[in-house]
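Reviewing the structure listed below.
Each chain gets a letter, A, B and so on, in the order its sequence line appears, and its residues count up from 1. Heavy atoms only: backbone and side chains are in, while hydrogens, waters and symmetry mates are out.
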Amino acid sequence: MTTIQVYNTLSGKKEPFEPLNGNNVLMYACGPTVYDLSHLGHARMALVWDVVQRYLRFSGYDVTYVRNVTDVDDKIIHRAKVMGVTPEQLAREYTYTFWHDMHCLNVQPPDYEPKATEFIELMIEFTKGLIDKGHAYVSENDVYFDVASFKDYGKLGKKNLDDLLVGAREQVRSQNDLSERKKNPVDFALWKGARDGELGWSSPWGSGRPGWHLECSTMTKHVLGETIDIHAGGEDLVFPHHENEIAQSEALHNAPMAKYWLHNSFVQVNSEKMSKSVGNFSTIQDLLAMFSPDTIRLFALQTHYRHPIDFSIESLSATRTAMARLLRAASYANPGTEDNGSKSKANVQTFGEQLLKQNKEQISRATADKHDPVKDETTTQFRQAFLEAMDNDFNTAIATSQLFQLADRIFQEEDKLKQSGYAQVFTQHARMLGLTLVDTRRHVDIAVSEQVLDLVLQLRQNARANKDYQTSDLIRKQLTELGINVMDITGGGTTWERA
RNA sequence: GGCGGCAUAGCCAAGUGGUAAGGCCGAGGUCUGCAAAACCUCUAUCCCCAGUUCAAAUCUGGGUGCCGCCUCCA
């Protein structure tokens with residue numbers, strides 16, 4: 001099997017990817033906290049790890065991919081209070097919108113999607129274990145992790161405890177209630193006691209809720225195991241979130257939590273991180289109103305996942321133009337449909353049905369070239385360059401550039417059979433990146449259809465004015481067949497409505 | 001202050017020792033009733049300075065600018 005190179009945050013280097021247990025890959029990505037609509041930054045995270053798990057499967061690994069949903073957290077509680085709903089209602093609402101966004105973007109569902117609230121009992125067990133081993137202590141109704149008791153603390157985020165203490169002391173001074181409860185300013189909460197009326201679960205330490213980091217440690221352990229292959233997430237989770245997960249899990253298990261720690265970079269706006277707190281975000285739903293899922297995906301994949309992407313409507317528009325070219329190239333895969341396939345036959349299948357079909361048809365690395373309808377220097381070179389790029393720490397920027405180069409070959413090819421063959425190879429590889437290639441070039445929105453109708457009716461009026469009633473009647477008849485009733489108003493003017 | 005990262009054409013963006021992928025925009029041409037698409041051609045020596053090397057965007061040192069994390073954050 002060809003070796004994939006991955007950049008491991010833990011070592012700060014690219015390393016050959018070798019799963020711990022033969023062909024099995026256990027992969028966990030930190031999912032969203034569901035307290036609001038997801039924005040492009042969340043989309044990038046989901047898209048990147050979606051492509052990674054797709055590529056690992058393509059490469060022949062038996063992947064178990066887990067992405068959690070954080071459905072209990074301070075932000076959820078605060079937002080719910082503001083909106084006058086319960087935290088459960090709020091979390092469920094935004095879980096649904098997240099799923100909707102993911103489906104629209106053709107992000108494959110993970111194999112398991114644990115929610116924090118489903119693991120409270122096990123988190124309590126986890127905490128007890130840490131207390132028993134002397135890595136955690138109870139303070140009033142809270143439980144804290146004793147950072148000083150874990151000698152490797154800081155190995156992921158490349159921090160040393162002394163430096164952290166200097167900074168932490170100043171922060172804690174401003175929250176002096178906390179400083180009294182913690183032995184050490186950098187200690188973090190495993191369990192937070194609930195104040196009056198606050199959301200809480202009963203525990204040996206009274207009513208309360210888990211600390212943020214605890215859920216990922218617990219769910220990783222119980223869904224996948226004590227040591228997994230890949231733990232992934234956004235760059236901002238390196239410290240303290242993943243650092244604290246490591247501290248908890250490794251202190252309890254005396255075993256590495258994950259072999260590879262992978263992190264994606266941010267989406268920026270004017271060179272500044274896109275985030276809720278800055279307020280410079282574009283929600284996935286807003287963007288989907290303007291751009292196709294494939295455009296958004298291509299936009300994300302044209303930059304390497306460890307580099308920041310600078311977002312602007314202009315650059316997304318540029319990607320839309322580029323995406324149109326890829327769709328045109330793909331349309332040669334099924335000769336004949338280019339010209340007569342637009343008679344709405346393609347729309348019989350729903351988007352969801354198309355995606356399921358595509359996933360079923362997805363090729364694997366071992367058998368990929370056997371399926372090649374055409375096998376020559378072009379396809380061989382293309383595949384080699386494409387796979388080489390993906391093997392090299394999932395370099396989707398190079399992989400997509402190869403798609404453009406193959407697209408050029410498709411356009412140039414005069415032999416129809418070859419052209420179609422190239423286009424099929426093109427399609428297979430584009431779908432490996434999760435591009436749907438659902439042809440959106442002829443999708444017309446309501447505003448445009450209205451204007452087109454106005455135009456047609458204007459032409460009909462012109463015909464009537466010229467007493468060309470044959471033409472004007474033909475137009476009306478055809479529109480009627482489409483379900484559009486055309487009504488001339490006595491005294492001039494025309495209006496229409498759907499029958 | 002500590003840690004990490006980035007700086008490549010008008011814009012976006014790959015490339016980490018052997019002489020600059022790809023996308024968008026633009027220019028000229030072919031095709032076309034006109035246009036669009038397609039096709040052909042053209043558009044950079046890589047922030048600055050010094051060094052290592054036969055050879056550097058790519059390594060080393062220094063400088064400048066920008067960003068992220070260290071507090072919730074994908």
Nearest-angstrom distance, [atom1] atom, [N] to [M]:
| N | M | atom1 | result |
| --- | --- | --- | --- |
| B/U71 | B/C3 | P | 16 Å |
| B/G17 | B/C54 | C1' | 12 Å |
| B/G10 | B/G26 | C1' | 9 Å |
| B/U19 | B/C34 | C1' | 46 Å |
| B/C39 | B/A50 | P | 45 Å |
| B/A14 | B/C24 | C1' | 15 Å |
| B/C49 | B/U64 | P | 15 Å |
| B/C47 | B/A13 | P | 15 Å |

Watson-Crick/G-U partner (both atom distances under 3.5 Å) of [N]:
| N | result |
| --- | --- |
| B/A38 | B/U30 |
| B/A57 | none |
| B/C46 | none |
| B/C66 | B/G5 |
| B/U71 | none |
| B/A20 | none |

Should we say atom CG of A/N270 is surrounded by more than 12 heavy atoms from elsewhere, each under 6.0 Å from it?
->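 Counting neighbours around CG of A/N270, 12 or fewer heavy atoms of other residues, nucleotides or ligands fall under 6.0 Å, so no.
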Whichever of A/F411 and A/H304 has its nearest RNA chain B nucleotide further upstream toward 5' |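 It is A/H304 whose nearest nucleotide is closer to the 5' end.
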Which residue lies more 5' along RNA chain B, comparing A/G12 with A/F299 via nearest heavy atoms =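 Final value for this comparison: A/G12.
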Distance-minimising heavy-atom pair for [X] and [Y]:
| X | Y | value |
| --- | --- | --- |
| A/L199 | A/E88 | CD1-OE2, 4.0 Å |
| A/F188 | A/A247 | CZ-CB, 4.5 Å |
| A/H263 | A/G234 | CD2-O, 3.4 Å |
| A/R297 | A/L105 | NH2-O, 3.1 Å |
| A/K276 | A/D36 | NZ-CB, 3.6 Å |
| A/D294 | A/L327 | OD2-CD2, 4.4 Å |

Measure the distance from [atom1] on [X] to [atom2] on [N] and round it to the nearest whole Å.
| X | N | atom1 | atom2 | answer |
| --- | --- | --- | --- | --- |
| A/D393 | B/A14 | CG | P | 12 Å |
| A/M274 | B/C72 | CE | P | 22 Å |
| A/Q419 | B/C39 | CD | C1' | 13 Å |
| A/N68 | B/A74 | CG | P | 11 Å |
| A/L326 | B/A37 | CG | C1' | 15 Å |
| A/N280 | B/C67 | CG | C1' | 13 Å |
| A/Y35 | B/A74 | OH | P | 6 Å |
| A/L237 | B/G4 | CG | P | 20 Å |

With a 4.0 Å limit, can you tell me whether [X] has a side-chain N or O closer than that to the phosphate oxygens OP1/OP2 of [N]?
| X | N | value |
| --- | --- | --- |
| A/K159 | B/G4 | no |
| A/Q268 | B/C66 | no |
| A/R328 | B/A38 | yes |
| A/N395 | B/A14 | no |

With [X] via salt bridge (Lys or Arg N to Asp or Glu O under 4.0 Å) - residues at least two apart:
| X | answer |
| --- | --- |
| A/D310 | none |
| A/D454 | none |
| A/R325 | A/D408 |

Side chain of A/K75: nearest nucleotide among B/A74, B/C72, B/A14?
->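 For the A/K75 side chain, the nearest candidate turns out to be B/C72.
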Rounded distance (nearest 0.5 Å) linking atom CG of A/D391 with atom CZ of A/R365 |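 It is 4.0 Å, given to the nearest 0.5 Å.
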So what does [X] hit on the nucleic acid, given a heavy-atom distance under 4.0 Å: a base, only sugar-phosphate, or nothing?
| X | result |
| --- | --- |
| A/G233 | sugar-phosphate |
| A/H39 | base |
| A/V267 | base |
| A/K158 | sugar-phosphate |
| A/D74 | nothing |
| A/H307 | sugar-phosphate |
| A/S265 | base |

Are any side-chain N or O atoms of A/T295 and backbone N or O atoms of A/R320, one a donor and one an acceptor, separated by less than 3.5 Å?
->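 No, because the side chain of A/T295 does not come within donor-acceptor range (under 3.5 Å) of the backbone of A/R320.
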Specify the residues of residues 79-109 of chain A, ordered by number, for which at least one heavy atom lies under 4.0 angstrom from an atom of RNA chain B.
->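 Heavy-atom cutoff 4.0 Å gives no residues at all.
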In the 5'-to-3' direction, what one-character label does each nucleotide of nucleotides 20-26 of chain B receive under the scheme B = base within less than 4.0 Å of a protein heavy atom, S = sugar-phosphate only, - = no such atom?
-> -BSSSS-
Quick one: list whatever passes side-chain hydrogen bond (donor to acceptor under 3.5 Å, both in side chains) with A/D229, sequence neighbours left out.
->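 A/D229: no side-chain hydrogen bond (donor to acceptor under 3.5 Å, both in side chains) contacts found.
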